Each structure stands twice: as C-alpha cells, then as structure tokens.
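One structure, pasted below without further comment.
The model shown is predicted, which means the values in this text are computed figures rather than measured ones. To find a chain, count down the sequence lines: A is the first, B the second, and so on, and within it residues start at 1.
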Amino acid sequence: MINLLDNLNEKQREAVIKTEGPVMAIAGAGSGKTSVLTTRIAYLIFEKNVHYENILAITFTNKAANEMKYRVHHTTGINTSQMWISTFHSMCAKILREHIEFLGYKRSFQIIDDDDVTQLIKGILKKSGYDVKIYNPKVVKSYVLKLKFNYDLLEDIEEPFKSVVKSTFKKYQDSLFDNNLLDFEDLLVLTIKLLETNHELRKFYSKKFQYILVDEFQDTNNVQYKLISLLVGEKNNLFIVGDEDQSIYAFRGANIENINKFKRDYPDFHLVLLEENYRSTNTILDAANQIIKNNSKRVPKTLFSNLGKGSKITHFKGVTARDEVEFVALKILELIRKGYKYNDFAILYRANSTSRMFEEVFMQKQIPYRIYGNTSFFKRREIKDFTAYLRLIVNMDDAYSFMRVITTPKRGIGAVTLDKLINFAAEEGLDLMDAIDRASEILGKSVCTKLADFKNLIIDFRIKLDELSFNDFVDYILNESGYAKSLENDDKGMVRYENLLEFKTILSENEQIYSDLTKEDILVYLLEDISLKSEESQKEIKDGVTLMTLHSAKGLEFRVVFLVTMEMGMFPLNRSMQSKKDFEEERRLMYVGVTRAKELLFLTNANVRQTYGETSQNQDSCFIKEISNNLLNVKGYYEYIDKPYKEVNFFSNKTLNKAKKDNLRNYKKNNLNKGDKVTHTKFGTGLVISITGDNCIIAFSHPYGIKKLLKDHPAITKN
DNA sequence: TGAGCGTACGCCCCG
DNA sequence: CGTACGCTCA
C-alpha cells in the first residue's frame with residue numbers, strides 16, 4: 001500500500017497520526033483540511049485497525065459530506081454508503097428513524113422545511129385570531145424556533161409578542177407531534193432528548209462511535225455541541241477542525257465560543273495549527289489577509305503559500321448591473337479561449353436572487369452553468385405538491401400535507417368546508433381522515449361525497465403503492481388525482497410536468513438502490529432524502545460555470561472566482577451594517593469568498609442597478625477598499641467616466657444610453673444643507689443632521705431612526 | 001366555491 | 001421587478 005502520509009506536510013501528518021484523545025486542528029483556508037480529514041479516516045482504518053463502523057465524521061453541508069465520502073472511497077476502496085459520514089441533520093435523522101418510537105413518535109415521521117414551518121405558524125396565528133400583519137409569521141417563527149433550543153429565552157421577549165409566541169409555540173409543537181412531523185430543529189433536539197432519556201441507547205452510540213471527527217467546528221451551535229458531548233465515549237477521541245475566520249453561520253446560532261468550550265471540556269487536548277496554504281497565489285492570500293485583519297477579537301493568523309505572486313486582482317465596475325454581468329460572461333469566454341474549462345469558474349454572490357441576471361445572459365451567450373441554491377428542484381411548487389401526496393400516503397396523520405393535497409388540484413372543497421371539518425375533528429378528537437367518515441353530522445350531502453371520494457383516492461393510492469412499479473405509481477397519482485389535468489390550464493404546465501417526470505426517474509433509481517426494503521420504507525427514506533438535501537440541483541452538468549452563494553462556496557475552490565455585486569448594501573448587506581457583530585461576519589464571508597480563488601480573482605459591481613424595480617446607486621463595497629491598491633487592477637466605469645463616450649468600446653450604445661439616462665436621473669441634485677427638512681419615499685419626513693461627501697445623515701421619526709444615505713438619492717426630496 | 005384580477009410588499013445566508 | 005395574497009364577481 002502507498003504510504004498514506006506521503007503527500008502531507010509535517011503539521012498535517014501530526015493531525016492525522018495523533019489519533020487518541022481530543023485534538024483541535026486550526027486550519028486556515030486552503031490548508032488541506034479535507035485531505036487531513038480523509039487521510040485520518042484512512043489511517044484509523046488501515047493503521048489502527050479501527051472498523052469503519054466505529055467512525056463518525058460530521059460535516060456541515062451535504063456537499064462537504066459527499067466530497068468526503070468520495071475521497072475516502074478513493075483512498076480506502078470502502079463502500080462509503082455504509083459509513084457514518086454525514087451532516088448533523090442527516091445523522092440525527094438516521095438515529096431517529098431507528099429509535100424515535102421511544103419518544104412516542106411514529107417511525108414514518110416526515111421532515112418539513114422552513115417554508116412549511118412558516119405556513120404552519122401562519123395558520124396557527126390566524127386560527128388563534130391574531131392579526132398576521134401585526135404578528136408577522138416569520139418573526140414569530142424565528143422566536144418559536146429559538147425557544148426550541150432554549151425555552152428560557154421566552155423571558156427575553158417583550159409583550160405583547162411574548163404571549164403570542166408562548167401560545168403559538170405550544171400549539172406549533174402539538175401540531176407537529178399530532179401530525180408526526182419534525183422540523184430541522186427537532187432533528188437535533190429530539191436526538192438529544194433520546195440520548196438523555198434512554199441510557200442504553202446513549203451507551204450504545206458512544207461505544208459505537210469510538211472516533212468522532214467534526215468538520216467546520218466554528219459553525220456548530222450550542223445544541224450541536226451538546227449532541228457531540230453526548231456521543232463522545234470515555235476515551236474522548238474527538239477530533240475537531242475549524243477556522244474562526246471562516247465562521248459565517250452565527251445567524252443560525254453558530255457559536256464561536258464553542259472553541260473555548262472545547263478547550264475547557266477537554267483540557268488535555270492536542271493543538272495543531274495548519275497555516276500553509278496550498279490553494280491560492282500570494283496576491284490572493286495577501287488580499288485575504290488584508291481584509292480579515294480588520295476584524296477585532298481574532299487570533300492573528302497570516303496565510304502564505306509557495307505558489308508565487310500570480311496575477312493582480314481585477315476590480316471591474318460596470319455602468320449598469322447588466323454591464324457587470326456582460327463583463328463576467330465575456331471574461332469567461334475569453335479565458336475559455338485561453339484554455340480554461342467552464343468548471344474552473346465560480347460566480348459567488350451574497351443573495352440567491354442575484355443568480356437570475358447571470359442566468360439570462362449565460363443562456364443567451366450559451367455558457368453552460370449550474371446553480372446551487374434557492375430555486376432548487378425540491379422547492380418548486382409542483383414538486384412540493386407531489387411530495388405532499390407521497391407524504392400523506394405514508395403518513396395519513398399528516399394534516400399539513402392533507403390540507404395541501406385536498407385543495408390541489410381544486411376539487412370543490414373550499415376553505416369553509418375544511419374549517420368545519422377541522423373544528424369537528426378537534427372537538428371529537430379525531431384525525432382528519434377519520435373525521436371524513438362522520439362528516440355527514442356537520443356538512444351537506446354533496447361535500448360529504450366529495451370528501452369521501454378524496455379519502456378513497458388516498459386509500460387507493462396507498463394500495464397501488466404496493467401493486468404498481470414506482471414508474472406507474474407516479475403516473476397513476478398524477479392522472480387519478482387530476483393533477484396532470486390541472487396542469488393543462490397552467491402556462492408553465494409543460495415545464496412543471498417535465499419536472500414531475502424527472503421525479504419519476506429519482507423514484508425508480510431508489511427502487512433499485514433499496515431493493516430489499518418494502519415500498520413504503522423506500523418512500524419514507526426517499527422523502528427524508530428530499531427534505532435533507534433540498535439544496536441539490538436536479539441534473540449534473542459535466543462542464544459548467546458554478547453559480548452559488550458565498551455561504552455554499554465554503555470548502556470549495558476554483559481556478560477563477562468572480563465576487564459579484566460588490567456594493568455597499570448588497571455586500572456587505574444593508575442590514576448587517578447596524579451591528580459590529582453582523583458586519584464582521586460579512587467580512588468573514590468576504591474572506592471566505594476571496595480564499596476560494598486559486599489563480600484569478602475578479603471583484604465586480606455596477607454604478608447603477610435595479611432593485612425592487614427602482615434604480616439605485618451604491619458605493620463600492622468597503623471590502624474592496626480594504627485591499628491595497630498595488631494588488632488591484634481597476635477596469636470599467638472609472639476608466640472612462642471622464643472621457644467622451646466614443647472612446648469606450650466595451651459597452652454597446654444601447655446600454656450606454658440607458659445608463660446615461662439613468663445616471664442623469666440619479667444625479668438630480670437635492671442640494672441639501674444641514675438643518676433641512678426632507679421627505680423620504682420610504683422613511684417619511686426627517687431632519688438633515690450632517691453632510692459628508694456624497695452622504696448625509698438624516699434623522700427620521702420612529703421606527704426608522706437615524707439613517708446614513710446618499711445625499712442626492714432620488715428617494716429624498718427637500719421640503 | 002374558486003377564477004381572475006389588482007394591490008401590497010419584499011429586504012439574506014442553511015440543513 | 002416578481003410573487004403572494006386578498007378581494008370581487010360569476
């Protein structure tokens with residue numbers, strides 16, 4: 001066998017062979033952390049004769065888990081589908097699927113996503129008679145979810161929200177339990193509950209997982225930390241890898257303090273520092289270092305590599321957002337001619353919605369691409385409709401799916417009928433399906449028939465699940481439910497139907513993979529997969545430009561990276577600029593983005609862009625200014641801004657004229673002075689407190705308060 | 001009951 | 001600019 005350690009440097013080797021006891025590896029960006037993790041797993045198996053079933057590796061994203069599985073398989077030849085290499089959430093799902101009956105749930109529980117949670121909470125609020133305009137379901141949801149991790153936080157909420165949240169929390173929990181549903185928080189919380197209340201089980205798992213590895217440790221939250229503590233056995237063979245500079249998930253509860261907690265809880269830990277970077281040129285690393293050093297409260301760390309200086313970083317500023325996108329597209333085509341592959345490129349943005357502009361232009365220019373994120377296959381309406389059918393078939397208690405399915409497609413059963421049915425079911429202590437049998441006690445004859453027809457339809461589907469092949473089963477549901485027919489009147493119907501056929505393929509694939517399970521179990525596993533991997537794109541493109549958020553780019557690397565929409569308000573986001581904590585997280589996000597690039601890095605933005613259908617003008621992102629000029633090559637807007645237009649050859653006259661008009665429109669002078677009273681289209685009346693450069697500070701009345709704005713912004717008018 | 005239309009509102013990142 | 005929701009009318 002080839003020596004596993006041959007390709008590692010001294011520090012990396014140390015991180016691999018120190019297999020016993022707690023180990024903390026601080027791994028800078030690009031320091032070969034994934035190699036260390038995979039080699040360590042291989043080393044445990046081959047050198048320490050540890051059985052692969054006794055290893056647990058936890059990653060943060062599905063993508064990272066897949067990558068690790070692939071690499072472990074590559075180095076060890078082991079069939080990694082049997083190994084516990086997974087995200088926290090899928091690990092929990094796996095444990096709960098086996099043992100959740102101990103907590104009173106049924107094994108066929110279904111996992112719901114964030115949108116479902118919002119809908120459920122909204123429904124509860126409405127039913128309780130709360131005005132959802134005042135008690136925004138999303139706000140209530142965020143409180144409710146926080147309470148799941150720590151109920152004491154209820155005391156921090158102020159009235160009248162406090163009582164609303166309190167009652168909604170209770171009702172929400174009950175409704176999840178009654179419907180046999182779990183949200184993402186439940187996956188963690190219930191696993192902890194299971195391990196804490198069932199000592200046999202805890203003993204079993206902590207004995208089973210003799211070696212635990214946790215990737216991206218800086219992004220774990222308190223609950224995940226607790227979960228790890230419960231699983232770690234007596235020998236404390238816990239290996240964690242992290243980098244505080246890449247902590248970008250505080251918004252969902254990640255707690256950097258966990259690093260200190262680890263130091264306290266495992267005082268005899270061994271520390272390894274991985275600082276040498278194997279990814280990027282020194283120009284890129286210098287820029288990254290210059291940016292991140294502006295953050296307070298960090299252990300100073302400087303990345304270096306021996307990959308040479310490399311090319312300068314390009315800052316391109318377009319006149320409009322369209323120009324920005326065109327530049328990226330043309331630059332990609334230019335580099336393709338020089339021998340780069342589409343796979344070498346990544347376009348990274350702060351918000352998923354940015355992808356649309358790129359999609360348009362890439363389609364037009366026939367640049368192959370793949371988008372990771374939001375508009376994922378499994379979040380499409382038709383797919384959610386169809387999975388609701390499947391969920392109801394395996395889990396008839398699921399009132400949530402029931403409500404979706406019974407009105408999709410419309411079958412003459414409306415809100416009034418359903419309200420009556422729900423109330424009746426609640427009064428009589430029945431579930432909805434049983435309530436249908438007694439519906440004649442409260443409802444007219446014709447609706448009762450419709451309800452009974454619906455119930456029979458679902459029961460029939462349940463029977464057909466065992467009788468038909470999955471392929472036929474899908475067709476059967478689509479036709480018999482009337483869903484296929486309802487698509488005929490939908491102008492996107494064709495696309496939706498094709499998406500559903502795609503789904504058919506996925507089902508058939510699973511039929512082969514899990515051939516030893518019952519059809520029902522296959523369906524349960526499949527639905528679980530869908531909930532946990534909702535971010536996965538539907539089809540793989542062999543060679544294509546990657547479009548993704550900065551968040552999902554963590555852990556990945558590309559030869560050429562474009563960081564786009566580099567403007568104040570876009571990145572860093574407006575909302576983050578209120579608090580230092582949030583702002584520094586944005587900076588870490590920038591650091592993550594920059595360090596994804598191996599050879600070439602482009603920072604792009606535009607002078608004007610459309611947001612919410614309005615033209616807005618933002619300054620360059622402050623993060624660009626944190627990079628010293630000698631590393632930057634500035635192109636676009638700044639080059640020609642003072643020159644006659646004919647000298648500019650990059651832009652078409654059309655875009656230029658439009659931009660010119662936009663510019664003129666934007667450049668109307670408000671002529672503000674300190675002490676002026678103004679009216680803002682959004683914030684109402686205010687008083688100008690001060691003026692500095694292009695900006696001014698205006699005090700608006702409650703709830704807007706003091707804002708820093710562009711003094712000539714069209715939204716402002718002098719009174 | 002539900003199709004069709006007009007209005008309001010959105011503010012982000014993930015499993 | 002989009003979409004989601006609510007209101008009106010058939």
Side-chain angles (χ1 to χ4, degrees), chain A residues 58-65 86-93 111-119 122 126 132-133 136-139 142 145 182-188 216 219-221 223-224 247-254 321 348-357 360 372-376 378-379 381 407-419 444 446-447 450 486 489-490 492 528-536 548-554 565 569-578 582 585-586 588-589 592-593 609-616 682:
Chain A
I58 299 173
T59 62
F60 204 70
T61 61
N62 287 306
K63 221 176 293 135
S86 64
T87 61
F88 273 104
H89 291 89
S90 49
M91 172 191 77
C92 291
I111 301 159
I112 58 169
D113 69 21
D114 253 17
D115 296 337
D116 296 328
V117 175
T118 313
Q119 290 305 117
K122 189 172 180 182
K126 279 186 176 170
V132 290
K133 286 231 158 78
N136 184 322
K138 285 189 178 177
V139 176
S142 74
L145 294 182
L182 268 60
D183 61 26
F184 283 117
E185 283 70 20
D186 281 334
L187 290 172
L188 299 167
E216 307 284 8
D219 285 326
T220 53
N221 62 34
V223 175
Q224 289 163 335
S247 159
I248 54 175
Y249 283 96
F251 72 90
R252 61 179 247 207
L348 308 182
Y349 35 78
R350 182 65 177 85
N352 270 308
S353 53
T354 306
S355 66
R356 250 200 24 239
M357 314 189 298
E360 266 171 45
Y372 293 87
N374 222 7
T375 42
S376 105
F378 298 113
K379 282 197 170 156
R381 198 210 327 191
T407 55
T408 321
K410 303 281 186 258
R411 39 174 66 91
I413 302 167
V416 180
T417 305
L418 287 172
D419 262 6
S446 81
V447 264
K450 285 177 188 162
S486 75
N489 309 322
D490 184 338
K492 290 179 195 149
E528 178 181 307
D529 261 18
I530 289 173
S531 330
L532 293 172
K533 294 183 184 167
S534 50
E535 136 263 4
E536 210 128 291
M548 56 166 65
T549 62
L550 287 150
H551 281 89
S552 33
K554 191 161 66 151
T565 70
M570 306 282 296
F571 184 38
L573 272 180
N574 252 331
R575 255 179 81 175
S576 73
M577 291 188 273
Q578 320 293 330
D582 290 348
E585 179 146 316
E586 294 285 303
R588 289 193 293 271
L589 202 51
V592 167
R609 74 170 61 241
Q610 305 280 119
T611 37
Y612 288 122
E614 273 179 51
T615 306
S616 64
K682 202 165 183 177

Tell me whether F251(A) is stacked on the nucleobase of dC13(B), counting only the six-membered base ring and applying the 5.5 Å and 30° thresholds. yes

When you match V447(A) and N136(A) each to their closest nucleotide on DNA chain B, which lands nearer the 5' end?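 Counting from the 5' end, the first nearest nucleotide belongs to V447(A).
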
Does the dC11(B) base have a donor-acceptor partner in the side chain of R575(A) within less than 3.5 Å? no

Do the side-chain N or O atoms of N352(A) get closer than 4.0 angstrom to the phosphate oxygens (OP1, OP2) of dC14(B)?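 Looking at the OP1 and OP2 atoms of dC14(B), one of them is under 4.0 Å from a side-chain N or O of N352(A).
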
Sequence-distant partners of D114(A), salt bridge (Lys or Arg N to Asp or Glu O under 4.0 Å), two or more places apart: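 Testing D114(A) for salt bridge (Lys or Arg N to Asp or Glu O under 4.0 Å), a comparison that skips the adjacent residues, returns K141(A).
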
Is any side-chain nitrogen or oxygen of T417(A) closer than 4.0 Å to OP1 or OP2 of dT1(B)?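 For T417(A), the contact criterion (side-chain N or O under 4.0 Å from OP1 or OP2 of dT1(B)) is met.
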
Ignoring the backbone of T549(A), work out which of dC13(B), dG6(C), dG15(B) is nearest its side chain.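 Looking only at side-chain atoms, T549(A) lies closest to dC13(B).
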
Remember a base hit wins even if backbone is also touched, and classify I111(A) as base, sugar-phosphate or nothing at under 4.0 Å, heavy atoms. nothing

Establish, with yes or no, whether the OP1 or OP2 oxygen of dT1(B) is under 4.0 angstrom from a side-chain nitrogen or oxygen of R411(A). no

Distance check: side-chain N/O of K133(A) vs OP1/OP2 of dA8(B), anything under 4.0 Å?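 The answer is no; no side-chain N or O of K133(A) sits under 4.0 Å from OP1 or OP2.
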
Let me have DNA chain B in dot-bracket notation, would you? Count Watson-Crick plus G-U wobble pairs, both distances under 3.5 Å, and use [ ] for pairs crossing earlier ones and | for inter-strand partners. ||||||||||.....

Side-chain N or O of K126(A) less than 4.0 angstrom from OP1 or OP2 on dG6(C)?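 Affirmative; the distance criterion is met.
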
